Amino acid sequence: MGSKLKPGGVRRHLKEKVVQMYEDLFHGTDPCVNNARFWDDLFLLKPKMSAMEGEISRCSSEQLVGLKENINTLFAKCVQTLAHQHNIRVVNALLTLCSLVRALYRKMQGDYGFDFINILIGFDAAEEQMQLLLNHCSNFLTGEYCDSLKSLSLKFLLVLATGTDNISQNTVLEYLTINCNFDAVIQLLSHSSTRGQHGPEAVLYLMLMVNYRKHEMTNPYTVNISLLDDELLLNGYGQVITASLADFNHKYSSHFMEPQGSGWFASLTSMVGSMFLSEEMATRNEHIKANDSFLLALYEAVHLNRNFITALTTATDPSTPPSPANTLDRSATPPPPATTPDTPQTPSSTQAPPQVSVEMEASVQPTNLLVTFLEYCSIVMQDTKTEESLNNVKLCFIIVTCISEDQYCNLLLHDANLVFTVPLHRLPMRHRKPPPDRTPHARPLACAVLDVMVEFMMSHMMKKLPVELFVQSVSIIHRLLCYQKRNSVRLPYNWKELWAALIALAKFLVTNEAYLAKKMNIFQLAHQIMNIFNLFITYGDTFLSTPSSYDELYYEIMRMHQVFENLYSMSLRYARTDGDYKESAQRLTNSLGNVRSIINHFTPKLDKWSQEHGISTLTEEQVLEVVRNNYDSLTLKLHDSLDQYEKYSERPNHSTFFANMVRSILSDTRQSIDFTAFENLSILQELGNST
């Protein structure tokens, strides 16, 4: 059968009408010359964002300057159409704006010399047009509009906020501070339905705007989030963060369960299994990095707003799913809870299981944002080898630092009537036995904070020592102890675990001094350790949980006396030589005075008791008896300022860290903004029904 095409014939590729209109628009001529209804027709057609962005990407900077009048007109027509009564036109105008702004931002990344605002809007019209545009966006967010329009409005705001790598250099955001839409965005968090649909993007946008020139101007977003006192909005903000962290915790519990066995076979299985985990660990790092924005949002709330402390500890039902749509909604029947390594699963009320143990029922405890956050910390700090995980853990520890030095938060952390079960995860290690199977019980939250810090110290003593994280963890412990000392709070905690961790860390520093001292100031960290011991020695009787705890402190010092002697020898050696660490070593030497006095005082007493009773090796109880009988003759020095510490300040110590963190979040968010959902027929149907 012969071809119907003529020899040499070519089938023309038919272009969509909207693509032809883009070509007319970006070829420099007035598009209305050949089509008087150009602008009316444009917003009736579904935008083809890739085509518009392609047209702009092919233009040189000189061509874009020549197209300024058409681009300004396009922007103005889009803003004008946002007031149209038909939602389909409104959405098409917003999508066109997203495409136009995003494409021009990309041209800026190429270091072209044109001025963004002048090309996009025109200097003369910029203030008026941006005010109209942002008023429309606020109206869509707060009014009775469909979810698709609210979602698209938030995405457009994120396109504006993420246009440049350095957020403070994004001059468009000046108009967002002049026409602050904080109230419109934060109101999305007050209702479970809008929080579930738009909560993550709303919190992300607010966090980014708080970081716009935060140290250079009076940022209205910073002021508003600092003064926010609406409990419902604060809880909604916290629930969005809780949902993200809880989802991560649940995924970890499902895929990275700690091995339950013990002995050489379990160790061998763990070693062999780790050889095949590289791909899973890469995925884990991606999940960790994905939480940076929510952690930064948590940091800003904790750092700026004292009222948010209540939201941190507001109890919620653990059987609600990790979704911000339901965490504050008590009317719905909850599905089965997520299981964790330390928390057995509890059946849903809608299912009738064959048997339910008493222990299983008793293990169901209320939870809150701080519980979820501490569990998250115990997971992410297990691996600090990658830059992503290291930065994530550092941000977690900064948040805990802010929490631990807040007076009101400490009151809640140490409240004996405010107890929670915190499922913490331990890093499987071959040199220590798996913890005994024990059902976690509810305790004040300060106990969980201490547990996390102790676990970090015990699991991160390595040649490539993350010294900054160690300094942070020891500082957090010190802040909690200062509160306990000042307020005579006797926390029901197993202090032996803390003392053992601190002594083990001191021993590690001494053992690896030759290697570590060449790379970092280990004397500052060792001095922090000794300050904590001096706080226990000098004031322990006012805040230790039981009288016997003070005796046990002295027993641990005597039992591990060689560690302290070696630490003193090391510090003395560096204090007597001219070097970079001379002053730090001198402070460490002075701080060891009381511990050495205790050792020098009780050693002859113990030797004498051994000779009198003919016993070469004393039991713990025998040592404690000698200690109790010889307190009176012990002389100790009262160190100044043991319960003082330098208050946390973002500037100048952490300014670079947060600038880099925001830069990373901007880049990730810019790449993740997705408009494909607006191509679905269901969206068009929703818009048609709401018109």
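Owing to the predicted nature of the structure, the values given are computational and were not obtained by experimental measurement. These numbers come from the heavy atoms of this one structure, side chains and all, not from hydrogens, waters or symmetry mates.
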- Query: Does the side chain to side chain contact (heavy atoms under 4.5 Å, CB included) test come out yes or no for Gln472 and Ile398, once each step is laid out?
  - Reply: CA-CA 8 Å; Gln472 284 182 291; Ile398 289 176; 3.2 Å; yes
- Item | Audit row: Ser475, Thr401, side chain to side chain contact (heavy atoms under 4.5 Å, CB included) steps and yes/no | CA-CA 8 Å; Ser475 297; Thr401 299; 5.7 Å; no
- Task: Take Glu127 and Asn179, measure what side chain to side chain contact (heavy atoms under 4.5 Å, CB included) needs, and give me the verdict at the end.
- Result: CA-CA 10 Å; Glu127 188 170 343; Asn179 305 282; 5.9 Å; no
- Task: Go through the steps for Tyr237 and Leu228 under the test side chain to side chain contact (heavy atoms under 4.5 Å, CB included), then give the verdict.
- Result: CA-CA 11 Å; Tyr237 186 99; Leu228 187 65; 6.0 Å; no
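Residues in residues 386-403 take part in these salt bridge (Lys or Arg N to Asp or Glu O under 4.0 Å) pairs, two or more places apart or across chains: Lys394-Glu468. Within the structure, every pair that satisfies the salt bridge (Lys or Arg N to Asp or Glu O under 4.0 Å) test and touches residues 152-172, not counting sequence neighbours, is listed here: Lys155-Glu201, Asp165-Arg670. A side-chain hydrogen bond (donor to acceptor under 3.5 Å, both in side chains) check over residues 402-416, counting only residues at least two apart or in different chains, returns the pairs Arg306-Asp406, Glu405-Arg479, His414-Gln484.
Taking the six-membered ring for Trp and thresholds of 30 and 60 degrees, Tyr299 and His303 have nearly parallel ring planes, at less than 30 degrees apart.
For the pair Leu97/Leu133, a side-chain contact is recorded, criterion being any heavy-atom separation below 4.5 Å from C-beta on. For the pair Leu149/Leu94, a side-chain contact is recorded, criterion being any heavy-atom separation below 4.5 Å from C-beta on. Side-chain contact between Tyr252 and Glu375: absent, with no pair of heavy atoms (C-beta onward) separated by less than 4.5 Å. Side-chain contact between Val240 and Pro200 is present, with at least one heavy-atom pair separated by less than 4.5 Å. Residues Lys150 and Gln197 are not in side-chain contact: their nearest non-hydrogen atoms beyond the backbone lie 4.5 Å or more apart. Side-chain atoms of Thr171 and Ile117, non-hydrogen and from C-beta on, do get closer than 4.5 Å to each other. Two residues are said to be in side-chain contact when any heavy atoms from C-beta on lie closer than 4.5 Å; His198 and Asp147 meet this criterion. A 4.5 Å side-chain heavy-atom check between Leu189 and Ile186 finds at least one atom pair inside the cut-off.
Contact detail for Met52 and Leu100: the closest heavy-atom pair is SD-N, 3.9 Å. The minimum heavy-atom distance between Leu374 and Ala448, with the atom names listed, is CD1-CB, 3.8 Å. The two residues Ser378 and Pro423 have their closest heavy-atom pair at OG-O, 4.4 Å. The two residues Pro47 and Asn92 make their nearest non-hydrogen contact at CD-OD1, 3.2 Å. Taking all atoms of both residues into account, the shortest heavy-atom contact from Val419 to Ala442 is CG2-CB, 3.7 Å. Closest heavy-atom contact between Leu480 and Ala446: CD1-O, 4.2 Å.
We find the CG-OG distance between Leu152 and Ser148 to be 8.5 Å, quoted to the nearest 0.5 Å. Once rounded to the nearest 0.5 Å, the distance linking OG of Ser389 with CD1 of Ile379 reads 13.5 Å. Going from atom CG of Leu141 over to atom CG of Leu154 covers 5.0 Å, rounded to the nearest 0.5 Å. Rounding to the nearest 0.5 Å places CG of Leu304 at 12.0 Å from CG of Asn307. Going from atom CE of Met130 over to atom CG of Leu173 covers 8.5 Å, rounded to the nearest 0.5 Å. Considering CG of Asn249 and CZ of Phe373, their distance stands at 11.0 Å, rounded to 0.5 Å.
The side-chain contact (heavy atoms from CB on, under 4.5 Å) test with Leu312 is passed by exactly one of Leu445, Val302, Leu412, Asn368: Val302.
In this structure, the side chain of Ser99 does not engage the main chain of Thr96 through any donor-acceptor pair within 3.5 Å. Using a distance-only test at 3.5 Å, with no hydrogens or angles considered, a donor-acceptor pair links the side chain of Asn135 to the main chain of Gln131. Between the side chain of Ser667 and the main chain of Ser664, no donor-acceptor pair closer than 3.5 Å is present. A donor-acceptor pair under 3.5 Å is absent between the side-chain atoms of Thr384 and the main chain of Met381, judged by distance alone. Between the side chain of Asn660 and the backbone N or O of Thr656 there is at least one donor-acceptor pair closer than 3.5 Å.
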Determine all donor-acceptor pairs shorter than 3.5 Å in which one atom belongs to a side chain in residues 291-298; sequence neighbours excluded.
unit_1: Asn291; atom_1: OD1; unit_2: Ser244; atom_2: OG; d: 2.5
unit_1: Asn291; atom_1: ND2; unit_2: His287; atom_2: O; d: 3.3
unit_1: Asp292; atom_1: OD1; unit_2: Asn392; atom_2: ND2; d: 2.7

Residues 205-214 side chain polar contacts: donor-acceptor under 3.5 Å, at least two apart:
unit_1: Tyr205; atom_1: OH; unit_2: Asn181; atom_2: OD1; d: 3.0
unit_1: Tyr205; atom_1: OH; unit_2: Asn181; atom_2: ND2; d: 3.4
unit_1: Tyr205; atom_1: OH; unit_2: Tyr221; atom_2: OH; d: 3.3
unit_1: Asn211; atom_1: OD1; unit_2: Lys214; atom_2: NZ; d: 3.3
unit_1: Asn211; atom_1: ND2; unit_2: Met207; atom_2: O; d: 2.8
unit_1: Asn211; atom_1: ND2; unit_2: Glu300; atom_2: OE2; d: 3.3
unit_1: Tyr212; atom_1: OH; unit_2: Glu174; atom_2: OE2; d: 2.6
unit_1: Arg213; atom_1: NE; unit_2: Glu216; atom_2: OE1; d: 3.2
unit_1: Arg213; atom_1: NH1; unit_2: Glu174; atom_2: OE2; d: 2.6
unit_1: Lys214; atom_1: NZ; unit_2: Glu300; atom_2: OE2; d: 2.9
unit_1: Lys214; atom_1: NZ; unit_2: Glu650; atom_2: OE1; d: 3.4
unit_1: Lys214; atom_1: NZ; unit_2: Glu650; atom_2: OE2; d: 3.2

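Residues Tyr105 and Asn170 bring a donor and an acceptor atom of their side chains to less than 3.5 Å of each other. Using modelled atom types, one finds no donor on one side chain facing an acceptor on the other under 3.5 Å when comparing Thr164 with Asn166.
In this structure, His84 has its ring center at least 6.0 angstrom away from the ring center of Phe43.
Residues satisfying the ring-ring contact (aromatic ring centres under 6.0 Å, His included) criterion with Tyr145, sequence neighbours excluded, are Phe140.
The existence of a salt bridge linking Arg663 and Asp668 is excluded, since no basic side-chain nitrogen approaches an acidic carboxylate oxygen closer than 4.0 Å.
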